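Report on the structure given below.
The analysis underlying the following values was restricted to heavy atoms, covering all of them including side chains, and did not include hydrogens, waters or symmetry mates. Both ligands and their constituent atoms are indexed starting at 1 by order of listing. Here the structure is a predicted model, which is why all the values come from computation and not from measurement.
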Amino acid sequence: MKGYAMLKIGEVGWVEKDIPQCGPLDAICKPLAIAICTSDVHTVWEGAVGERHNMILGHECCAEVVEVGSLVKDFKPGDRVLVPAITPDWNSLEAQAGYAMHSGGMLAGWKFSNFKDGVFSEFFHVNDADGNLALLPPSINVVDACMLSDMVPTGFHGAELADIQFGDEVLVIGIGPVGLMSVAGANMRGASRIIAVGTRPNCVAAAKGYGATEFVSYKDGSIEDQVLEMTNGKGVDKVIIAGGTVETFESAVKSLKPGGKIGSVNYLGSGTYVNIPRVEWGVGMGHKMINGGLMPGGRLRMEKLGALVASGRLDVSPLSTHVFEGWDYVPEALQLMKDKPADLIKPVVKFAD
Ligand code: NAD
Ligand code: ZN
C-alpha cells in the first residue's frame, strides 16, 4: 500500500509499506476522506513528536472497515465508521482512572502518526476497534465526518475543561477550527456571551455563526486589557485557550474573574515554562483553575458527537474550506495547511462520496 509520510523532520513524501496486520481486537480500515491538521504540520516541520522516519502521517479521517479481528463484536467489513484521532487502550489503568487519552503514558492514547503509522494511507490499523470506532451516521457526508475525528472533540473538550455553565461569560482565545468548535461547544453549554480572539474574516464569520458575540484582536494590544474593558474591569467567568503560546496563559489568568476556570487544548510547542502572573492569580489564592487536556477519544464520544451533527444541531460544514478529490492531492493539501492562506480553515481530501 502507499501512504504519505514524514520521511524525517522537515521532509515528506510517498512511501510503500505492507498492509498492517490485524490483531484479535483490531480493525483494518481504508479512508473514505482525510483531513489535514495543524498537528501534522507541527509533527513534520516543528518536530513536535520528535524524529520519525517514514512514518505515515494523519489522524483525521472517516473510513470503511475492511477487516476485523476474531474478538471484534460490533463492526464488520464494509461498515463506514467515524475514527477518533485518539484511540486509547480501554482496558488500561489510565482508562479506568478516567484518563483514557493517557493510556500507556502521558498523551499515549494519541497513536496515529505518533507511535504508529497514521491514516494518510490506503489502509490503516485501529486498536481496540469496539472501543474506538463508531458507525458513521448515513446522513453525515464523508467531509463533515472528518471534522469529528479531532476538531469537534477537541474544541468541545475545551468547553468541558473550562466547565462552561448556563449564563457564563466566556473568552475563546484562537478561532482556528479547534477554537471555532470551542465557541460552538460553549454556546451549546449555555454561555451568555462569547468573546472570541481572532481576526481572519472567514474565521470571524464562522465564529459568529457558532455563537461568538464579540471579537478581540491580539494584534491590537493585550487581550486582557481589551477583555477587562469590555467587562467593566471584572473579567470573564471562563477562558478556553485554542491558540497562542506559553505567554497566552498570562492573558487568560488576567482576563478571568476569581473562581474562574481555564480550559486549554492548545499545543505548546516551545518555551520551558508557562508563566502564571502572581498578583492576578490572587497571590496564589484566587481560585483561578487551569486545566489543559488532550482530547478524549473512544466510541461513546464519537457516537454522541456524531449524533449532534446527524441531528443538525451542529453544522461542521463551514470548517472544510478546501476540499480535494483523490490521493494525488494529499501533498497539496498538507502544503496548504503549512502555508495557511487567510481563507483556509481545514483542507480535506475525499476518496468516496
Ligand atoms: P490553528 O493554528 O488553525 O488555530 C490557532 C489560532 O490561534 C489561529 O487562528 C491563530 O491566528 C490564533 N493565534 C495565534 N497566536 C495567537 C495569540 N497569541 N493569541 C490568540 N490567538 C492566537 O490551529 P487549530 O487546528 O485550530 O488548533 C488549535 C490548537 O489546538 C493547536 O495548538 C493544535 O495543535 C491544538 N490541538 C490540540 C488537540 C488536543 O487534543 N488538545 C487536538 C488538536 C489540536
Ligand atoms: Zn488533528
Closer than 4.0 Å to some heavy atom of [X] - which atoms of ligand 1 meet that?
| X | answer |
| --- | --- |
| V265 | 30 (O), 35 (C), 36 (N), 37 (C), 38 (C), 39 (C), 41 (N) |
| D150 | 42 (C), 43 (C) |
| L294 | 40 (O), 41 (N) |
| V197 | 20 (C) |
| I173 | 19 (N), 20 (C) |
| K340 | 1 (P), 2 (O), 3 (O) |
| H42 | 34 (O) |
| G243 | 7 (O) |

Quiz prompt | Crowding at CH2, W90 (>12 non-hydrogen neighbours, <6.0 Å) | solution =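 Above 12, so yes.
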
Quiz item: Near D353 CG, under 6.0 Å, is it more than 12 heavy atoms from other residues, nucleotides or ligands?
Solution: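 Incorrect, the count does not exceed 12.
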
If we ignore hydrogens and angles and just use 3.5 Å, is the side chain of [X] paired with the main-chain N or O of [Y] as donor and acceptor?
| X | Y | value |
| --- | --- | --- |
| K346 | A35 | no |
| D225 | S222 | no |
| K350 | I34 | no |
| S182 | G155 | yes |
| N141 | V143 | yes |
| N187 | A184 | no |
| H102 | L107 | yes |

Self-check item: K2 NZ/CZ over W14 ring centroid, <6.0 Å and within 45° of normal
Solution: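 Because its charged atom sits under 6.0 Å from the ring centre and within 45° of the axis, K2 does stack over W14.
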
Self-check item: Heavy-atom check, side chain of E229 versus side chain of Q226, under 4.5 Å
Solution: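 The answer is no, as the side chains (C-beta and beyond) never meet within the 4.5 Å cut-off.
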
Which residue supplies the protein heavy atom nearest to [atom], what is that atom called, and how far is it?
| atom | value |
| --- | --- |
| atom 25 (O) of ligand 1 | T38 OG1, 2.8 Å |
| atom 9 (O) of ligand 1 | G176 N, 3.6 Å |
| atom 3 (O) of ligand 1 | P177 CD, 3.4 Å |
| atom 22 (C) of ligand 1 | Y218 CE2, 3.3 Å |
| atom 40 (O) of ligand 1 | M295 N, 2.8 Å |
| atom 38 (C) of ligand 1 | T154 CG2, 3.3 Å |

Quiz item: How wide is the angle at the Zn ion (ligand 2) between OD2 in D150 and SG in C37, to the nearest 10°?
Solution: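 That angle works out to 130° after rounding to 10°.
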
Practice problem: Have a look at the Zn ion (ligand 2) and estimate, to 10 degrees, the angle subtended by OE2 (E60) and NE2 (H59). | Solution: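 Value returned, to the nearest 10°, is 120°.
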
Residue portion contacting ligand 1 (non-hydrogen atoms closer than 4.0 Å) for [X]:
| X | value |
| --- | --- |
| I345 | neither |
| Y267 | both |
| H157 | neither |

Quiz item: Evaluating non-hydrogen atoms only, which member of N266, V178, V41 is closest to atom 29 (C) of ligand 1?
Solution: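 That would be N266.
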
Quiz item: Hey, looking at atom 5 (C) of ligand 1, which of A242, G244, G179 has the closest heavy atom?
Solution: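 Heavy atom nearest to atom 5 (C) of ligand 1 belongs to A242.
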
Practice problem: Run the contact test for G293 against ligand 1 with a 4.0 Å cut-off on heavy atoms, strictly below, and give the result. | Solution: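 A heavy atom of G293 does come that close to ligand 1.
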
Practice problem: With I241 as reference, evaluate V265, L268, I262, L161 under the side chain to side chain contact (heavy atoms under 4.5 Å, CB included) test and give the passing residue. | Solution: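 For I241, the side chain to side chain contact (heavy atoms under 4.5 Å, CB included) check succeeds only for I262.
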
Exercise. Considering non-hydrogen atoms only, spot the tightest contact between F120 and I56 and give its length.
Key: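 Heavy atoms only, the tightest pair is O-CG2, 3.5 Å.
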
Exercise. Output, in order, the C-alpha distance, side-chain angles, deciding distance and verdict of salt bridge (charged side-chain N to carboxylate O under 4.0 Å, His left out) for K111 and D89.
Key: CA-CA 10 Å; K111 295 180 166 45; D89 297 311; 3.2 Å; yes

Exercise. Decide whether an N or O pair under 3.5 Å exists between C37 and ligand 1.
Key: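 There is no such contact.
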
